[in-house]
Protein chains: 2
Amino acid sequence: MGRPSQPLLSRAIIARAALELLNEEGPDALKMRSLADRLGVRGASLYHHVASKDDLLDAASELLNEEIDLGPLQDPQWRRGIAEYARGYRRVYLQHPHMIALVARRRVEADRALIGYDALLAALVGAGCTPAGAAEAAAALDYLVLGSALETFTAGFTRAPADYRPDYPALADSLESTGTRPGGLAGLDDRGFELGLRFLLDGLAAQLAQA
Amino acid sequence: MGRPSQPLLSRAIIARAALELLNEEGPDALKMRSLADRLGVRGASLYHHVASKDDLLDAASELLNEEIDLGPLQDPQWRRGIAEYARGYRRVYLQHPHMIALVARRRVEADRALIGYDALLAALVGAGCTPAGAAEAAAALDYLVLGSALETFTAGFTRAPADYRPDYPALADSLESTGTRPGGLAGLDDRGFELGLRFLLDGLAAQLAQA
DNA sequence: ACCCCTTACCTAACGCGGTTAGATTTAGTT
DNA sequence: AACTAAATCTAACCGCGTTAGGTAAGGGGT
């Protein structure tokens with residue numbers, strides 16, 4: 001078997017399949033050979049389109065960056081725009097939570113990622129921030145979004161709330177009481193993020209108002 | 001060569017060495033054999049003290065958890081206490097930034113981690129939060145801390161600020177202007193975290209005042 | 001004091017997974 | 001029509017996590 005009449009692979013096709021595999025079977029299942037299987041191809045063939053597994057992760061990361069909707073940042077109401085942008089940003093990573101750990105701590109070189117930061121900073125400056133203040137606010141927002149998508153606070157607590165009571169009473173109280181909220185325990189991550197987002201925007205608004 | 005007169009290894013010794021190796025040479029350099037080299041031992045010997053590389057990471061994570069100072073949470077001034085706790089928490093992970101990606105998305109079973117959450121929640125309830133409200137605030141705080149320790153916003157931008165200007169003007173403005181701040185570009189991560197922390201505590205204080 | 005079992009190291013080697021080399025067939029270009 | 005480049009293949013290398021089994025030192029029971 002030699003070259004196929006129709007190409008079977010491309011960098012984007014491979015990256016997309018990698019994201020699917022990652023979501024369905026987790027990071028340990030993301031092997032070059034398994035990925036090739038899923039694409040009906042042999043492992044070595046992937047290397048005609050990606051330089052390495054690391055490069056493959058870069059490609060997947062680029063796909064994710066492209067999914068983030070920058071539109072809200074054009075909203076003339078800066079507060080609403082930034083909130084919607086942050087939610088969309090978070091939503092993309094929540095749908096591919098394993099990617100955060102795989103991609104974090106890399107250089108930001110992808111054009112699309114830089115465009116995103118540029119748009120966010122421009123929106124903040126438009127809202128009245130100084131350029132340096134905008135950088136700080138953007139950093140804080142980034143931390144909140146990525147932290148909340150990475151950690152899924154809730155998922156760490158696997159036992160029934162009451163099981164924690166003997167040794168960790170305050171934790172048990174909080175988990176039990178959280179269970180009665182809309183969304184329940186599973187919604188805690190969302191509500192925690194929304195709380196942080198609201199406070200962040202409140203703080204920003206107050207800072208801008210007094211200036 | 002058989003059993004040594006004095007034991008050379010222990011779970012804690014291995015975990016500590018793993019943290020050092022991780023810091024000095026990065027995650028890819030953390031190999032069982034390299035780790036053994038550093039300890040003057042052969043790779044297989046490690047398995048008498050840790051069940052697997054994964055278990056080793058758990059052990060290292062436990063060490064980090066123990067380094068987090070819970071003392072500030074006893075501060076009668078809740079705001080100062082929580083801020084100091086959050087800074088200390090972040091400082092620990094900043095000193096071992098690679099651990100975040102390695103350890104995130106695991107179950108929280110370590111006793112010490114549960115004690116930490118319990119203490120934080122108790123402090124928030126002590127400040128006046130409802131148990132469910134405390135959980136949300138704790139989640140938001142956690143996201144900010146881990147996000148800021150994970151991401152090091154700044155480190156992503158490796159080019160000179162001016163190089164970004166043609167395509168990303170707002171980014172270039174912010175980076176240049178940031179360079180003139182105390183701490184400069186390198187301090188942006190700290191200032192972003194402090195900004196988020198301040199706004200979060202402000203929001204919490206406002207919420208408690210009106211209740 | 002001796003024996004024996006356990007402990008903590010060793011050497012050797014397996015197997016999986018990322019990666020490379022080189023063959024083969026088709027596409028595109030002159 | 002011939003030649004080069006491209007896209008897949010098969011085969012194999014090598015590094016790393018892990019396991020099997022050997023060996024010497026500790027330490028408890030008689």
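It should be emphasised that the depicted structure is a prediction, and the values quoted were computed from it without experimental measurement. Chain naming here is simple, since letters A, B, ... match the order of the sequence lines and numbering starts at 1 in each.
D/dC9 atom C1' lies 14 Å from atom CG of A/Asp37, rounded to whole Å. At whole-Å resolution of the value, CZ in A/Arg11 and P in D/dA7 are 14 Å apart. D/dA7 atom P lies 13 Å from atom CG of A/Leu46, rounded to whole Å. As a whole-Å value, the separation of A/Tyr47 OH from D/dA11 P is 19 Å.
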For residues 28-35 of chain B, please give each side-chain donor-acceptor pair under 3.5 Å, one per line with the distance, not counting sequence neighbours.
none

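Under a 4.0 Å N-O distance rule, the pair B/Glu84/B/Arg79 does not qualify as a salt bridge. We find that B/Glu66 and B/Arg16 are not joined by a salt bridge, their nearest charged nitrogen and carboxylate oxygen being 4.0 Å or further apart. Between A/Glu67 and A/Arg91, no side-chain nitrogen of the basic residue sits less than 4.0 Å from a carboxylate oxygen of the acidic one, so the salt-bridge criterion is not met. Note on A/Arg90 versus A/Asp190: salt bridge recorded, some NZ/NE/NH1/NH2 to OD/OE distance being below 4.0 Å.
Taking the side chain as every heavy atom from C-beta outward, A/Leu200 and B/Leu200 never approach each other to under 4.5 Å. At least one side-chain heavy atom of B/Leu22 sits under 4.5 Å from a side-chain heavy atom of B/Leu102.
Applying the side-chain hydrogen bond (donor to acceptor under 3.5 Å, both in side chains) rule to B/Arg191 yields the partners A/Glu136; only residues at least two apart in sequence or on another chain are considered.
Side-chain atoms of B/Asn65 do not come within 3.5 Å of backbone N or O of B/Ala110 as any donor-acceptor pair. Checked by atom type and distance alone, the side chain of A/Ser45 pairs as donor or acceptor with a backbone atom of A/Arg42 at under 3.5 Å.
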>> Checking A/Phe157 against B/Leu114 for the side chain to side chain contact (heavy atoms under 4.5 Å, CB included) test, could you report, in this order, the C-alpha distance in whole Å, the side-chain angles of both residues, the deciding distance, and whether it holds?
In response: CA-CA 9 Å; A/Phe157 304 111; B/Leu114 291 170; 3.7 Å; yes
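DNA chain D is contacted by no residue of residues 15-25 of chain B, taking any non-hydrogen atom closer than 4.0 Å.
For DNA chain C, the contact window with chain A, defined by any atom under 4.0 Å from a protein heavy atom, covers C/dG17 to C/dA27 in 5' to 3' order.
Here A/Glu62 contributes atom CD and A/Leu57 contributes atom CG; the two are 11.0 Å apart, rounded to the nearest 0.5 Å.
The two atoms that bring B/Thr130 and B/Gly133 nearest to each other are OG1-N, 2.9 Å, heavy atoms only.
Comparing A/Asp54 and B/Gly40 along DNA chain C, the residue whose closest nucleotide (by nearest heavy atom) sits nearer the 5' end is B/Gly40.
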Can you give me the N/O atom pairs linking the protein to nucleotides 12-16 of chain D at distances under 3.5 Å, or say none if there are none?
{"unit_1": "D/dC16", "atom_1": "OP1", "unit_2": "B/Lys31", "atom_2": "NZ", "d": "2.3"}

>> Generate the contact string for nucleotides 21-29 of chain D. Rules: B means base contact, S means sugar-phosphate contact only, - means no protein heavy atom under 4.0 Å.
In response: -BBBBS---
